[in-house]
Number of protein chains: 2
Amino acid sequence: MTQSDDQRLGVKSVHLAFEVLEAVAFEPGEIGVSELANKLQTTKGTVFRHLQTLVDRGYLIQNASTQRYRVGARAYLIGRAAAERVDIIAGSQDAMRSLRDETGETVVVSSLSNRGNIVMNTLIGKSPLEIGVRVGSVLEPHATAQGKAVLAFDTQGLIKQLRRRGLTGLTPHTVTDIDVLERQLEAVRAQGYATAAEEMLLGISALAAPVMDGSGKTAGSIAIVGSIQNIGRQPAPEQIEAVLRAAQRVSWNLGYVGHLPFEPRNGRVPAKKSAG
Amino acid sequence: MTQSDDQRLGVKSVHLAFEVLEAVAFEPGEIGVSELANKLQTTKGTVFRHLQTLVDRGYLIQNASTQRYRVGARAYLIGRAAAERVDIIAGSQDAMRSLRDETGETVVVSSLSNRGNIVMNTLIGKSPLEIGVRVGSVLEPHATAQGKAVLAFDTQGLIKQLRRRGLTGLTPHTVTDIDVLERQLEAVRAQGYATAAEEMLLGISALAAPVMDGSGKTAGSIAIVGSIQNIGRQPAPEQIEAVLRAAQRVSWNLGYVGHLPFEPRNGRVPAKKSAG
DNA sequence: TCTTTTGTATCATAATTCGGAACATAGTTT
DNA sequence: AAACTATGTTCCGAATTATGATACAAAAGA
């Protein structure tokens with residue numbers, strides 16, 4: 001439920017129309033005009049007219065016998081169109097840029113698929129010495145911040161696979177003991193972010209947060225990657241916050257309705273900029 | 001102007017907002033303010049304000065780098081909610097798969113709404129040459145098997161509308177004489193299924209049966225669509241039986257208590273038995 | 001039967017949306 | 001580089017248009 005966030009921008013009556021649509025759509029059964037008017041704190045007449053609009057467009061249908069309303073076919077069609085186009089790449093564009101500008105580091109977005117945790121998009125940082133990750137490469141689950149971020153919120157039993165296969169050491173800093181890793185994942189769950197300093201390549205460090213999709217599952221991660229000089233073993237609070245904010249924003253773009261398992265930040269992330 | 005399409009009922013600005021939403025949602029890529037204003041025959045300012053509303057609500061998202069718009073996650077969420085509540089979609093999933101496996105043909109489920117007989121879900125057949133129907137497209141009442149299937153058991157006077165408007169010929173095989181059509185509908189009522197061989201597109205044929213809902217009304221149709229080579233002018237008995245069985249199953253899922261009017265054994269046409 | 005509650009229609013008022021023009025900025029051409 | 005064109009964005013007056021109180025119709029309950 002939306003708080004007293006009355007200062008929405010745009011067209012007022014359209015907002016109300018969507019309030020009506022959403023109220024009906026998320027109602028388990030059917031709902032009537034009076035009940036809606038009550039719920040939305042407005043009058044029957046107004047609600048009725050909006051219902052009329054929505055029925056006319058096919059977003060809602062009215063049960064002829066009960067005269068009450070429920071969600072209609074057109075809403076489904078819009079959703080289908082959206083499903084084809086909403087993905088982690090599209091949904092992370094803005095957040096990537098913001099994160100890069102805020103931190104100056106290279107930003108890496110990965111998507112968790114059945115082929116592993118794959119780098120989907122990158123944005124090179126501002127340091128003169130460019131540090132990048134090849135798009136399409138598979139991120140080691142145990143030796144990268146991105147890997148740990150998704151492992152920590154894993155629902156598909158990725159850890160068991162890892163336990164069977166064992167942890168390959170890539171640098172002297174790579175975690176090769178699964179129990180140590182599990183303890184690290186505990187911390188990731190608590191903090192909402194994961195780090196990996198020189199665990200994949202000496203001198204390179206990363207800070208990642210998981211990204212959730214519309215069904216609440218882990219979709220991938222967003223991370224900054226840079227020199228150990230810039231992203232320390234214990235990253236700066238600003239860096240952590242920036243990454244977490246970006247992850248929240250991408251998750252929201254993917255339809256994630258809740259808050260990521262960290263920081264009770266209020267409201268959604270504004271896409272607006274200058275206010276003066 | 002034309003009173004049929006221009007004079008929509010309800011709230012005007014909301015209609016425009018949905019025009020914007022739909023235009024963006026059904027756009028393959030991204031789309032900008034100017035292009036939209038042009039397409040919708042209005043001004044940039046107005047379109048911009050509606051875009052603002054929709055972005056604020058999460059139905060659209062703006063690509064920060066290109067500044068253009070695409071459909072957002074909230075639209076997806078509404079669609080998901082709809083999918084669970086629009087009965088014919090939820091209720092046809094299993095039957096679609098069975099029908100596809102039994103016949104090998106593309107399966108198409110349509111829903112009858114005030115916007116017409118609309119394709120809601122499809123399952124591509126097994127032939128190497130894929131034949132599909134775009135989800136969301138409107139099925140011609142007189143030139144498709146699906147259209148005839150619902151027309152035959154129509155209760156809302158769709159035929160009168162058709163009689164007024166006349167029948168457009170789409171191929172040499174399209175029925176353009178309303179009396180011929182009425183006679184075909186008689187047969188559909190007797191048999192319980194409808195066919196349309198090359199009536200919409202040369203080479204393509206379809207076999208459809210109506211789907212009834214809990215109140216005994218026609219809710220839509222389920223059909224197989226394929227090459228005229230596979231679905232003949234007089235379809236094979238196995239195909240007919242498979243389609244009828246699927247329709248019965250979906251109807252049953254929608255709460256339909258009787259039998260569809262095809263069973264040759266008992267000539268009893270199911271009466272609309274409402275117990276409430 | 002009467003009462004209550006529901007969905008729907010009507011209408012005056014005022015708040016709202018609209019659209020044109022001006023602005024800013026990015027991309028392209030000269 | 002500068003001029004030019006395209007885009008997205010902001011602003012503001014005018015009047016269209018959404019609003020909610022009231023009234024009506026038709027069920028559902030008592």
Side-chain angles (χ1 to χ4, degrees), chain A residues 6-21 23-24 27 29-57 60-70 72 93-94 97-98 101 270-276, chain B residues 1 6-21 23-24 27 29-57 59-72 114 215 274-276:
Chain A
D6 279 346
Q7 282 201 331
R8 323 214 67 165
L9 56 142
V11 180
K12 195 180 174 189
S13 56
V14 175
H15 274 296
L16 185 55
F18 276 103
E19 294 284 344
V20 172
L21 172 59
V24 176
E27 188 73 21
E30 298 178 337
I31 190 167
V33 173
S34 304
E35 196 178 341
L36 272 170
N38 198 39
K39 186 173 265 178
L40 301 176
Q41 309 229 56
T42 179
T43 60
K44 284 198 297 177
T46 301
V47 167
F48 174 70
R49 245 143 33 78
H50 280 295
L51 286 169
Q52 214 172 222
T53 315
L54 294 164
V55 168
D56 187 58
R57 285 211 151 259
L60 301 180
I61 52 181
Q62 183 176 28
N63 186 330
S65 52
T66 67
Q67 295 191 285
R68 308 179 83 202
Y69 297 82
R70 67 168 183 277
Q93 299 282 26
D94 307 1
R97 194 190 194 112
S98 303
D101 291 347
K272 290 284 94 183
K273 30 191 164 210
S274 61
Chain B
M1 302 305 185
D6 226 13
Q7 201 76 9
R8 325 221 57 171
L9 58 139
V11 180
K12 195 180 173 188
S13 57
V14 174
H15 274 296
L16 214 145
F18 276 102
E19 294 285 343
V20 172
L21 172 60
V24 176
E27 188 72 21
E30 299 179 335
I31 190 168
V33 174
S34 303
E35 197 179 341
L36 272 169
N38 198 39
K39 187 174 265 180
L40 300 176
Q41 309 229 53
T42 179
T43 60
K44 285 198 296 179
T46 301
V47 167
F48 175 71
R49 206 138 25 74
H50 280 294
L51 287 169
Q52 212 171 225
T53 316
L54 294 164
V55 168
D56 186 59
R57 285 207 152 263
Y59 285 85
L60 301 180
I61 53 183
Q62 183 178 27
N63 186 329
S65 51
T66 66
Q67 295 191 281
R68 308 177 81 202
Y69 297 83
R70 64 170 175 280
V71 70
N114 53 2
S215 61
S274 53

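By convention in this document, chain letters (A, B, ...) are assigned in the order of the sequence lines, proteins followed by strands, and residues within each chain are numbered from 1.
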(message) Whole angstroms only, please: what is the CG-P distance between A:D56 and C:dT8?
(response) 14 Å

(request) Grab the NE2-P distance between B:H50 and D:dG8 for me, whole Å please. (result) 16 Å

(request) Report the distance from atom NZ of B:K44 to atom P of C:dC23, rounded to the nearest whole Å. (result) 14 Å

(message) Is the phosphate of D:dT9 approached by B:Y69 (side-chain N or O, under 4.0 Å from OP1 or OP2)?
(response) yes

(message) Just to verify, what does A:R70 make a side-chain contact (heavy atoms from CB on, under 4.5 Å) with, not counting sequence neighbours?
(response) A:E30, A:I61, A:N63, B:D87

(request) Would you mind classifying the nucleic acid contact of A:R68 as base, sugar-phosphate or nothing, using non-hydrogen atoms under 4.0 angstrom? (result) nothing

(request) Look at atom CZ of A:R97 and say whether more than 12 heavy atoms of other residues, nucleotides or ligands are closer to it than 6.0 Å. (result) no

(message) Can you give me the bend angle of the helix from C:dT3-D:dA28 to C:dT30-D:dA1? Use the axis through the first five pairs and the one through the last five, nearest 10 degrees.
(response) 40°

(request) Look only at the side chain of B:H50 and the backbone of B:V14, and say whether a donor-acceptor pair between them is shorter than 3.5 Å. (result) no

(request) Take the protein atom CD1 of A:I31 and the nucleotide atom C1' of C:dT6, then report the distance between them rounded to whole Å. (result) 14 Å

(request) Kindly give the heavy-atom pair with the smallest separation between B:V47 and B:V33, and that separation in Å. (result) CG1-O, 4.1 Å

(request) Go through D:dA21, D:dT9, C:dC18 for me and flag the one nearest to the B:S13 side chain. (result) C:dC18

(request) Identify whether the distance between the nearest side-chain nitrogen and carboxylate oxygen of B:E19 and B:K39 falls below 4.0 Å. (result) no

(message) To check you understand the geometry: which heavy-atom pair defines the closest contact between B:V24 and B:L60, and what is its length?
(response) CG1-CD2, 3.6 Å

(message) Please determine whether a side-chain nitrogen or oxygen atom of A:Q41 lies at a distance below 4.0 Å from atom OP1 or OP2 of D:dG20.
(response) no

(message) Considering every strand and a 4.0 Å limit on heavy-atom distances, what is the contact class for B:T46: base, sugar-phosphate, or nothing?
(response) base

(request) Starting from C1' on D:dA18, measure out to CZ on A:F18 and report it in whole angstrom. (result) 17 Å

(request) Might you point out which heavy atoms bring A:L36 and A:A23 nearest each other, and give the distance in Å? (result) CD2-CB, 3.6 Å

(message) Both A:K12 and A:S34 contact DNA chain C. Which one's nearest nucleotide lies toward the 5' end?
(response) A:S34

(request) Return the 5'-most residue of the pair A:F48, B:T43 with respect to DNA chain C, ranking by each residue's nearest nucleotide. (result) A:F48

(request) Let me know the distance between CZ of A:R49 and C1' of C:dG7, rounded to the nearest Å. (result) 15 Å

(message) Less than 4.0 angstrom between a side-chain N/O of A:Q62 and OP1 or OP2 of C:dT8, yes or no?
(response) yes

(message) Distance check needed: C:dG20 P versus B:N38 CG, whole Å only.
(response) 13 Å

(request) May I have the distance from A:L16 (atom CG) to D:dT17 (atom P), rounded to whole angstrom? (result) 18 Å

